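Bear in mind that the values here come from a model prediction, so they are computed numbers and not experimental data. Note that these values count all heavy atoms, side chains included, but never hydrogens, waters or copies made by symmetry. Throughout, residue positions are numbered sequentially from 1 according to the sequence presented.
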Amino acid sequence: MDQDDIAESLITIIGDFIQDRLLDHRQRALQKEQCGERLAAEDETSKKGTEVRYSDQAVLANLDWGMDALEEAINTSNTETKMARLDHAEKMLQVCAMLNSSDKTAGVPNFYLSAWAHLNLAYLWKLRNNVTNAVLHVLEMFSVDPFFSRIDFAPEIWKTLFLPHMSSIVGWYSEERHRIMMNLIPDSADLSFTADFDQYFNESLVFSMRPDQAEKLQNLEKQYGQSLDENTRNYANYFIDCVNYDPETSRKVIPMMPIAEPPMTPLHEVSRKIPDYVRFGPILPKSAGFSPKAKTNAREASSTSGTRVASENLDDSGIWDIHEGIPEENDESDYEPDDNYRTETNVNKMREKEKPISPAISAKSSPKVPSPKQDGNDKMPSPMSRRVNRATDYRVNTSLPTSPLLHHDFSTSSADSDNESRHKNVRKQVSHGRSASNASAKSQAPEKSFHGEYNSRSPNFGSPQFSERSTQSRPPKDFVCPITSHVFSDPVTLETGQTYERKAIEEWVKRGNTTCPITRQPLSANSLPKTNYVLKRLISSWKEQHADQAQDLSYPETPISSYGSPSSRQIQSRTSVLNDLTSSNYKPQRFMQATVATSPTSVISQAAVESIISGLQPYITSLCTSEDLKECEAAVLTISKMWKESNGDPSVHAVLATDTIVNGFIDVLSASLSREVLRTTVYILSELLIADERIREILTNVDLECLTALLQNGLAEASVLIYLLKPTFSQLSEFNLIPNLIQNICNKSDNSKDLELVMSPKDAAIELVAQVLIEGDENSRSSNAKTIMSVNAVPSLVKCLDRVDTRQSIMYILLCCIHADRSCRNIIATDIDLCPVLELFHAGNEYMRGLCIEFLWELVQLNRRTLCNQILQLIKDEGAFSTMHTLLVYLQNAPMEQQPVIASLLLQLDLLVEPRKMSIYREEAIETLIESLQKKDFPQSQLTALDALSSLSGHLSALGKSLTEAWLLKLAGFDQPYEDFVNKENLEMNENELTERMDKEEEIAANSWEKRIAYVLCNHEKGRIFKALEECLKSNSIDMTKKCLATATWLVYMLYNLPDTGVREAARKALLDQFISILQSSKNLEQKILATVALRSFISDPGALLELGSYAKCMYKTLKKLKRSSVVVNDIMKTLMNLPSVNAADMWSSSEGFELDASMNGEVLSLLNIKGRVISSHSDGTIKVWDTSKKSMRLIQEVREHAKAVTCLYFPPSSDKLYSGSLDKTIRIWVVKPEGLHCIQAHDVKEAVHGLTADANFAYYFSQSAGVKVYSWSGVIKNINIKQTVKCLALIGNKLYCGCSGFSIQEVDLRKNTSTTFYSGARKLLGKQTINSLHIQDNLLYMGGTSIDGTAGKVFSLSSRAVIGSLQAGFDIQLLSVNNDFIFGATKSGTIEVWLKERLTKVASIKNAKITSLASDADGEMLFAGSSDGRIQTWDLD
């Protein structure tokens, strides 16, 4: 096999190993826990004489942080987050991987830390899909630390890749060890070479071992370990060379296999020669640990630890299990160790250690052997003998003397048989179960006697009785799963006729296999069949007859827990966001104490235990056999009392924890109506279940249904037993337990204290509700959360936060409620005591702190600033530790996706004080937000930071959503989004909430907060945040651009509303071009309007105006289209048009629109533009109303109330009435309605009306005669004497301005009816000079008339009467029209001159026929002109 083939095999084998580890979270967690225990043990040893340096602690912290980041990357489904966590993990792990192997860190050998780091780096590179690098790191692990790599980190890889090359070393070791052990066995000369000498070897041989024999064995173990480590390292380096092999270089030679030479043995010590056909397998150490007396040479420490471990294993077990070390003969292949070797031996050894050993058992396994006599000097025994003696003494002292009653069960009936009969009749079922139990008890009597007799004897390993008993105790082959090699727990028989353990065959199918593992026949069924109950009953019967063997051979996924060490309950994960919550363990405080309690013999005497067990017998019999329900109920109460008296003694538990007795309790639970009995039964079952999880197998789904019914009927204690049964999400959903569990939580009374249940019913209900929410999908989670809120359970949950054991679950439930209905955060914020939350934050792990951060963040997302500040103050002040400091420390090490939220919360806490003072918390928080904005490769982090910044503004809805964008649009006059948002949420808000929002104090607090937050953000490091926002605005993500635009606009708006601190230039340089680009290129109206809000702020900056000049022309066209949508556009347009660097004529543009022919009504004498309508008057007395809303003129009404030509129309700015004057000597008053005009009054003024203006009390008009007539609506006519002929009128307040034929303007004081000359122009000697048109707007008077020296009009200030400017035109101006931006003047020549209103600069001329009327809309989008030929011409002012 060449290097390429070797490399390919390595990649396949190691790649599969890494993939399996990545899929097995439990295996990784166990390995981390095991390694952590090693580090902790070594750390305690190193602390005895040395001081741990800070740098050493930092190295260990890097390793821990690296593994945590790696786990986060494995658990997350977000690619960007995964890559970020992998990068972080690589940096942390490389620190440990590059340590000097010959040194130590905090007392821990560096080679161990380095190997552990390499293993995690292998996982990391596998996640990056770089298998080659992953393989290299695994091989480097074996090179750096071969001992722990083959023992702890990757024993599977070592067995597959390295062990086959060690056959000579293994054979040598087996021969030497066999020779030493044979010398210990009495009469070993009579044994054959192939004898199973393990059955002749026991602990007594260890006691009889001479010091020189122990030393030989120890030296052998040491040499064996050193040889394995050295060769493992050599082959690891060779494999690395193969993977890195370059075809252009020469091949590398396989290193010579180092074989340790066996020590020279004197011939007289060799009792026999072991034949070559006897092949022994390797005896691998089963545990390993650091030595407190590690040598300076790290390699020697690694090797000697293997010897030490092997010796300790001998001391613990005292038995050489040769069966597990000898492989089966196979001529076609080399030696392959049994895969189950390590697992089975370790599991059995753990069970032996956990099992209490009575004196009788001790006598059986460890008979007394006379120890060597000590001389008078009291010579110290050997180290091995001291360890053996200590282990023996410990076992004797801590064991419990066991009564013969404890050696058998009281029942042989299975849960299945009881369940089948339960459906028929409850009482019949009780009777049936008891009769079976009695028969079984009788049949077991001889066996029990045999046990008692056998235990009193000395062991006789060679007797036929022992061999026969050993053979009979083995389980039948049909009872053992061919996959797991364990006795069936849930057997299923496939269509091929083969039977497997359900969990094992399920895993087989999940891996993609579609055939039977044994027959290889294809499986056609999509789902597994039901349990083989016949086989299960047979197995149950066998287990009762062979309890010890059944315990050792049980399926390992159902561990047997000893009392005082209850198995932790885990809730499965729902998403990456909540993985750590679901892996948290619930351990009631009572069992935390029981775990460290002393042996029960220190509480009650063995005699008392015997007495209690004897006293239980009649009540157990009644419970199991009686058909009288009251008798069974009385038995339950008595058993409960005696259980309490025994203080939960394991011996009493062993008596009660049988199938028949448990089924008896279940029968009472199903039939009894007594609340006391039901509560007591739940108490006993929960006590039994928490101490032995095998009880759960007896309780079926039918029993869960019974418990559910009890819970629904008000038995709160049933929730405890339901919780301990660990129901699945589907079971909880099927029974719809949420309403009953919530009722249990809301129940104020707690009557369970007298029972001392393993946990409070309320705690159990909380945990079950949390499980339903966690394991459900988004829809079910939302539905269940709304169910919780519908029964007003949120206040009760808030009050339960003082319950220490369930705080985490309560917080998660409250978060689900907030996500389902944001309005409930107001209820929580009003009632909550934050001390429990802060305690959980200070004391919790990284995930727990993340959950607390999310919860606190939601609480401060309130639209009431005063309440929000109060909560922030509580967060800052409550608790024994500084919350701000803890947040700062957590921020520095928090996951990337959480950092913006933490920074935002920290910043808000800091801003409760004066923002102008320096603060490290504020600086770190803002810096984190800016860094998050700058992470281009992680858009999700950028979006989170933008959301945090948006919420910081304080513009929040009642549901906690950001209103910043809608509020800015409202500032621009685009109210629709804001109104839609508010109207939608007002449906969910009551009147009190609306009132609070409008409170004056609330408004002041909100304004103050907004200024504070904007000030610190803008002034951090001279406006650095603006550069970060610029990068976000350049993103290709639409969502990011939208959020960033809102945030940037808000900051720019606030920047120019705050005192100038020198950062405006930074904002302008970073964002001005981006806003212009969005204005020009975006197709979204709201984004364009947001850009105009920012640009409106910039126009007050002289530096920005210089830059805007180069964009003025292209921006102007875009801005004109936005004039109707944004009120700030006019300001920008006016500023651009009046920039000195801008040629206004270049920016002007117009296009000729439609033309209407109204010649049938004669000349168009007057035009008015009113609210999207154009009203025209004609020479035949007709008045027409036109709709121009769609930039076209559509006739909607035509009226003819006047008998002659309507010469003038007037519409006051602050009125809804229209006045018309006619040559028929009448003035009519019209009401303007959406459907048209309606004449409400007609007044005869005795003279033809040529010009008209009016107010609420009078009409002012002129005719062909001199002067002005004032007509009172009551019919009185007054005359104001003016010598010149009046040609035009303009009214403002109490002042009437008259343009006269002498090129003068007369000002009439209407209160005094007096006139004065406002303006008198120079007269020409030839021709008449006349003022033809006046117009008043913005306190300015615009005049047009005869052209004199190229000037045909002027602009006056009404307050000062000064001439502001002139309108240059070569022809007389007949008519004037003024809008917000321009002045339009119609001349005699038929052209319309256009001037810029601000600068009075002529920008354009529009040619047309003879014009008789002129009008423009206020927005300057359209211009209308009527001609003498009866046509109306329009222009679009683009």
Side-chain angles (χ1 to χ4, degrees), residues 1165-1169 1207-1213 1219 1221 1249-1255 1258-1263 1266-1270 1280 1282-1310 1315-1322 1328-1348 1351-1369 1371-1380 1382-1388 1392-1393 1395 1397 1400 1411-1416 1418 1425:
L1165 300 179
S1166 182
L1167 286 174
L1168 282 180
N1169 184 283
T1207 57
C1208 51
L1209 298 172
Y1210 180 71
F1211 186 82
Y1219 301 91
V1249 178
H1250 291 272
L1252 172 68
T1253 185
D1255 57 24
F1258 301 95
Y1260 312 96
Y1261 65 96
F1262 62 89
S1263 59
V1268 176
K1269 307 297 189 294
V1270 179
I1280 298 177
I1282 297 176
K1283 297 180 180 180
Q1284 295 90 352
T1285 302
V1286 177
K1287 297 294 183 179
C1288 54
L1289 297 173
L1291 177 67
I1292 179 172
N1294 295 320
K1295 299 293 180 67
L1296 178 66
Y1297 296 89
C1298 307
C1300 303
S1301 57
F1303 207 72
S1304 66
I1305 300 174
Q1306 299 295 318
E1307 181 184 70
V1308 178
D1309 189 342
L1310 298 176
S1315 65
T1316 58
T1317 301
F1318 180 84
Y1319 169 77
S1320 179
K1328 296 180 180 180
Q1329 293 86 38
T1330 305
I1331 294 177
N1332 300 318
S1333 180
L1334 292 176
H1335 188 91
I1336 296 176
Q1337 188 177 25
D1338 299 333
N1339 203 36
L1340 296 176
L1341 176 63
Y1342 298 87
M1343 176 270 287
T1346 305
S1347 176
I1348 301 176
T1351 301
K1354 292 183 181 296
V1355 181
F1356 303 92
S1357 169
L1358 292 177
S1359 57
S1360 63
R1361 296 191 177 189
V1363 177
I1364 294 177
S1366 303
L1367 302 177
Q1368 303 296 322
F1371 298 94
D1372 297 348
I1373 296 176
Q1374 300 291 330
L1375 300 167
L1376 279 178
S1377 179
V1378 182
N1379 62 20
N1380 294 331
F1382 299 99
I1383 304 170
F1384 304 94
T1387 64
K1388 274 187 177 182
I1392 300 175
E1393 304 292 346
W1395 295 272
K1397 181 180 176 182
L1400 300 180
I1411 300 173
T1412 56
S1413 56
L1414 188 65
S1416 67

Rounded distance [0.5 Å steps], [atom1] in [X] versus [atom2] in [Y]:
X: K1283; Y: T1317; atom1: NZ; atom2: OG1; value: 9.5 Å
X: N1339; Y: L1358; atom1: CG; atom2: CG; value: 5.0 Å
X: F1262; Y: I1282; atom1: CZ; atom2: CD1; value: 11.0 Å
X: K1287; Y: T1330; atom1: NZ; atom2: OG1; value: 6.0 Å
X: N1169; Y: F1211; atom1: CG; atom2: CZ; value: 10.5 Å
X: T1387; Y: Q1374; atom1: OG1; atom2: CD; value: 8.0 Å

Non-hydrogen atoms of [X] and [Y] that approach each other most closely:
X: I1336; Y: Y1297; result: CD1-CD1, 3.8 Å
X: A1369; Y: S1347; result: O-OG, 2.9 Å
X: F1318; Y: R1361; result: CE1-CG, 3.3 Å
X: C1298; Y: L1334; result: C-CD1, 3.8 Å

Would you say [X] and [Y] make side-chain contact, with heavy atoms under 4.5 Å?
X: Y1319; Y: L1341; answer: no
X: L1414; Y: I1392; answer: yes
X: F1382; Y: K1397; answer: no
X: F1303; Y: I1348; answer: yes
X: D1255; Y: P1212; answer: no
X: T1351; Y: Q1368; answer: yes

Got a donor-acceptor contact below 3.5 angstrom from the [X] side chain to the [Y] backbone?
X: S1333; Y: G1344; result: no
X: T1253; Y: A1290; result: no
X: S1357; Y: A1362; result: no

With sequence neighbours excluded, what pairs up with D1372 under the salt bridge (charged side-chain N to carboxylate O under 4.0 Å, His left out) test?
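By the salt bridge (charged side-chain N to carboxylate O under 4.0 Å, His left out) rule, D1372 matches K1388.
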- Could you please spell out the steps behind the side-chain contact (heavy atoms from CB on, under 4.5 Å) verdict for L1400 and L1367? CA-CA 7 Å; L1400 300 180; L1367 302 177; 4.1 Å; yes
Q) Going through the checks in order, is the side-chain contact (heavy atoms from CB on, under 4.5 Å) test met by Q1306 and S1304? A) CA-CA 6 Å; Q1306 299 295 318; S1304 66; 3.6 Å; yes
Run the side-chain contact (heavy atoms from CB on, under 4.5 Å) check on L1291 and L1310 step by step: do they pass?
-> CA-CA 10 Å; L1291 177 67; L1310 298 176; 3.7 Å; yes
### Query
So F1384 and L1375, side-chain contact (heavy atoms from CB on, under 4.5 Å) or not? Walk me through it.
CA-CA 8 Å; F1384 304 94; L1375 300 167; over 6 Å; no
